[in-house]
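Have a look at the structure below before the remarks.
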Amino acid sequence: MAFPTHSETKSSGKAWTDDDVQQLRELAAGNTPVGVMSIRLNRTEDAIRSRAHAERIALSPPNRPPYGDMS
């Protein structure tokens with residue numbers, strides 16, 4: 001599966017809205033992989049990581065299974 005590159009995203013250079021940041025927070029809270037976030041937000045993985053860092057959003061919560069409790 002190929003992820004969008006900088007030149008392929010519709011929002012290249014587009015400012016982040018409050019709704020975009022809220023969706024980023026929700027996806028991060030759900031332990032969504034950055035590659036999936038890039039597709040859902042139509043932004044590059046680098047843009048996702050950069051904005052998450054600027055907003056102090058953790059993208060990989062420690063010791064948290066991605067699919068909930070599997071026991």
Side-chain angles (χ1 to χ4, degrees):
M1 175 188 211
F3 296 107
T5 63
H6 182 72
S7 62
E8 295 172 337
T9 58
K10 293 178 186 175
S11 39
S12 293
K14 180 181 167 189
W16 286 75
T17 65
D18 290 341
D19 288 340
D20 292 337
V21 174
Q22 181 59 36
Q23 188 174 7
L24 176 60
R25 286 185 192 285
E26 291 169 4
L27 290 169
N31 206 18
T32 305
V34 175
V36 175
M37 288 183 194
S38 73
I39 293 168
R40 292 206 180 152
L41 293 171
N42 199 27
R43 298 193 183 258
T44 65
E45 289 186 28
D46 286 342
I48 303 271
R49 287 187 185 98
S50 177
R51 190 59 183 204
H53 179 74
E55 296 286 334
R56 297 179 183 242
I57 300 170
L59 294 179
S60 50
N63 301 322
R64 185 169 167 199
Y67 304 109
D69 186 13
M70 301 293 283
S71 56

- Has the side chain of Ser38 got a donor or acceptor atom that lies under 3.5 Å from a matching backbone atom of Gly35? yes
- Task: Rounded to the nearest 0.5 Å, what's the gap from CG on Leu41 to CD on Gln23? Could you check?
- Result: 4.5 Å
- Task: Quick one: closest heavy-atom pair of Arg43 and Ile48, and the distance?
- Result: CB-CD1, 4.3 Å
- Nearest 0.5 Å, what's the CG-CG distance between Asp19 and Leu24? 12.5 Å
- Task: Would you check if Asp20 and Arg51 make a side-chain contact, meaning some heavy-atom pair closer than 4.5 Å?
- Result: no
- Task: With sequence neighbours left out, write down each residue that passes salt bridge (Lys or Arg N to Asp or Glu O under 4.0 Å) with Arg40, or none if nothing qualifies.
- Result: none
- Message: Quick check for you: to the nearest 0.5 Å, what is the distance between Leu27 atom CG and Ile57 atom CD1?
- Response: 10.0 Å
- Task: Heavy atoms only: give me the nearest Ala58-Ala28 pair and the separation to one decimal.
- Result: O-CB, 3.6 Å
- Nearest heavy-atom approach of Thr32 to Met37 is O-CE, 3.0 Å
